[in-house]
Amino acid sequence: AKKQNYGGTITWEAYHETGGFSGTCGDELTWVYDPGNKTLTISGIGEMYDWNVDFAPWYDHREEIETVVVEAGVTTIGEWAFYECSRFAGITLPDSLTYISSSAFNGCSGLESIDLPGSVSGIGRNAFSSCSNLRGITFNGNAPYIADDAFYNVNANAYYPGGNATWTDAVKRNYGGNINWIPFNEDGAMVIGAGKCGETLTWVLTEDGVLTISGTGETYDWTYTYAPWYSYSEVIETVVVEEGVTSIGQNAFWRCTNLTGVDLPSSVTTLDSEVFYDCKSLTSISIPNTVTSIGNSIFAGCDNLTNVDLPDHITAIGSGTFYKCKNLKNVDIPTGVTSIGVNAFYNCSSLSSIELPAGVTALGNSAFYGCSGLASINLPAGIPSIGEYTFYNCSSLTNIALPAGVTSIGDAAFSSCTKLTTIGQPVSLTSIGKSAFNNCRSLTSIFLPEGLTFIGEEAFSGCSRLSTITFAGNAPSI
């Protein structure tokens, strides 16, 4: 009786004993707004009122409210409940909540993320319309009913439990906005990053450092840019590529320096260039036999890589494949490999021996440059030449037999092989390049075949123990 207009237009609002404002917002619900900490709290049991024409009682504070807490017992969020509450970035919702009514959060431009309890069974029309900064929506439990335009004008990632069969493709729609649907990890770890990484592939990174790639088809290539998870490169510890993915694109895990584990499925057939470039914590990896192509520099800079299981069906070890893998101890090269690329094992200083398949016909320049631990290697009969710097500074190599068909030895090919004592020169040899045996100070004698026509400058410079050189044919150009 006392709350009248008294000759004017008076809006009566309770001033709460805590120094805030309060009132009712449901038959058994109350609200309190504390202007001190800018928090709106709704408590009680049951449904919230709908406000179809009149505004919610806290509407006058819509530009002040920074935090909203809906307490356990509340079962619905009423229509237009938080209309134009533009300041709050997040909201706490209880497990008792079952329905979010139409336009409940319409125009909440400050809302950045929302975690919807598994108890929510329905979301009304325009419930989150024009929430322009909403970027993350987390669903828990079964898929709820979602009205067609519930997320009108919203561009966000929506996270859902991937193992739950109710989340069908028919549910995962845009609802008036642009919604990117991303499954949770089964362990329920908190998602810290997610998005698209192929036309039909998505990625999820959880707080425990697990990066999961799922879907079907190829990932994008990141030739002139970074993969979308690159900003988390120091967080990533494990990569799980799920069945269905067929190709991992260039630079995918470039400089993920704390990556220690990689799980690749049998659906993968291609690993592109520099996929694991500079993954310094990676110690071993098993590549499935379905992979038929491995790109250049795929493991370049993997300082702690000690063991790699290469697939049976690859035909080439590309340029820089194991570049500066200084702890790599052994590699079994599949029998189908026909070429070893430039810098393939550059500075693999722990590599002690390697068996090249009989079908190898090409050794790239600097292929074994700086392999200071390499003590033995076989060279197949089909190799026509030894390129520049191929065995430079292989300081543990004691002897090597060149195949019968080799016609040339490139510049500095065996330079600084300080323990090399013997080298078998084939009759086919016609050319020895500049500094080819420079500083081979254990070499005591060498036989130069009849067909040799050229010896480059300083070819045997620094061979301090070389006492015998035998020329079998005419004097070559020196």
Side-chain angles (χ1 to χ4, degrees), residues 248 262 264 268-277 279 282-387 389-394 396-406 413-414 417:
I248 307 297
V262 178
L264 298 174
V268 171
T269 60
T270 302
L271 297 175
D272 215 327
S273 300
E274 301 182 349
V275 168
F276 298 103
Y277 184 96
C279 292
L282 192 64
T283 59
S284 64
I285 185 169
S286 181
I287 300 174
N289 270 328
T290 50
V291 172
T292 58
S293 176
I294 292 178
N296 295 334
S297 302
I298 186 171
F299 298 110
C302 293
D303 292 353
N304 289 298
L305 188 66
T306 60
N307 183 60
V308 177
D309 291 330
L310 294 175
D312 292 339
H313 303 296
I314 61 171
T315 58
I317 304 295
S319 298
T321 296
F322 297 103
Y323 183 87
K324 291 188 176 181
C325 292
K326 63 183 181 181
N327 285 301
L328 186 66
K329 293 184 176 12
N330 58 74
V331 177
D332 291 329
I333 299 179
T335 56
V337 169
T338 59
S339 66
I340 308 294
V342 173
N343 295 326
F345 294 92
Y346 185 101
N347 270 356
C348 291
S349 54
S350 296
L351 192 65
S352 60
S353 65
I354 193 161
E355 186 80 19
L356 298 182
V360 171
T361 57
L363 280 181
N365 293 342
S366 302
F368 296 96
Y369 183 110
C371 292
S372 55
L374 186 65
S376 64
I377 186 170
N378 70 301
L379 296 179
I383 293 175
S385 63
I386 306 298
Y389 295 92
T390 299
F391 295 100
Y392 180 90
N393 198 31
C394 290
S396 296
L397 195 63
T398 57
N399 62 80
I400 192 165
L402 300 183
V406 169
F414 294 95
C417 291

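Residues take their numbers from the sequence shown, with the count starting at 1.
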Closest heavy-atom pair and its distance - [X], [Y]:
X      : Y      : value
Pro384 : Thr361 : CD-O, 3.0 Å
Val291 : His313 : O-CB, 4.3 Å
Asn365 : Gly387 : OD1-CA, 3.3 Å

To the nearest 0.5 Å, tell me how far [X] [atom1] sits from [Y] [atom2].
X      : Y      : atom1 : atom2 : result
Leu379 : Ile400 : CG    : CD1   : 4.0 Å
Phe414 : Phe391 : CZ    : CZ    : 5.5 Å
Ser385 : Leu402 : OG    : CG    : 11.0 Å
Thr321 : Asn296 : OG1   : CG    : 6.0 Å

Residue pairs passing the salt bridge (Lys or Arg N to Asp or Glu O under 4.0 Å) test with at least one member in residues 367-383, sequence neighbours excluded, are none
The complete set of salt bridge (Lys or Arg N to Asp or Glu O under 4.0 Å) pairs with one or both residues in residues 298-324, sequence neighbours excluded, reads Lys280-Asp303
Run the numbers on Ile317 and Leu310 for side-chain contact (heavy atoms from CB on, under 4.5 Å), then give the verdict.
-> CA-CA 10 Å; Ile317 304 295; Leu310 294 175; 3.8 Å; yes
Validation row: Cys302, Leu328 side chains within 4.5 angstrom (heavy atoms) | no
Going by the angle between their ring planes, with limits at 30° and 60°, are Tyr369 and Tyr389 parallel, tilted or perpendicular?
-> tilted
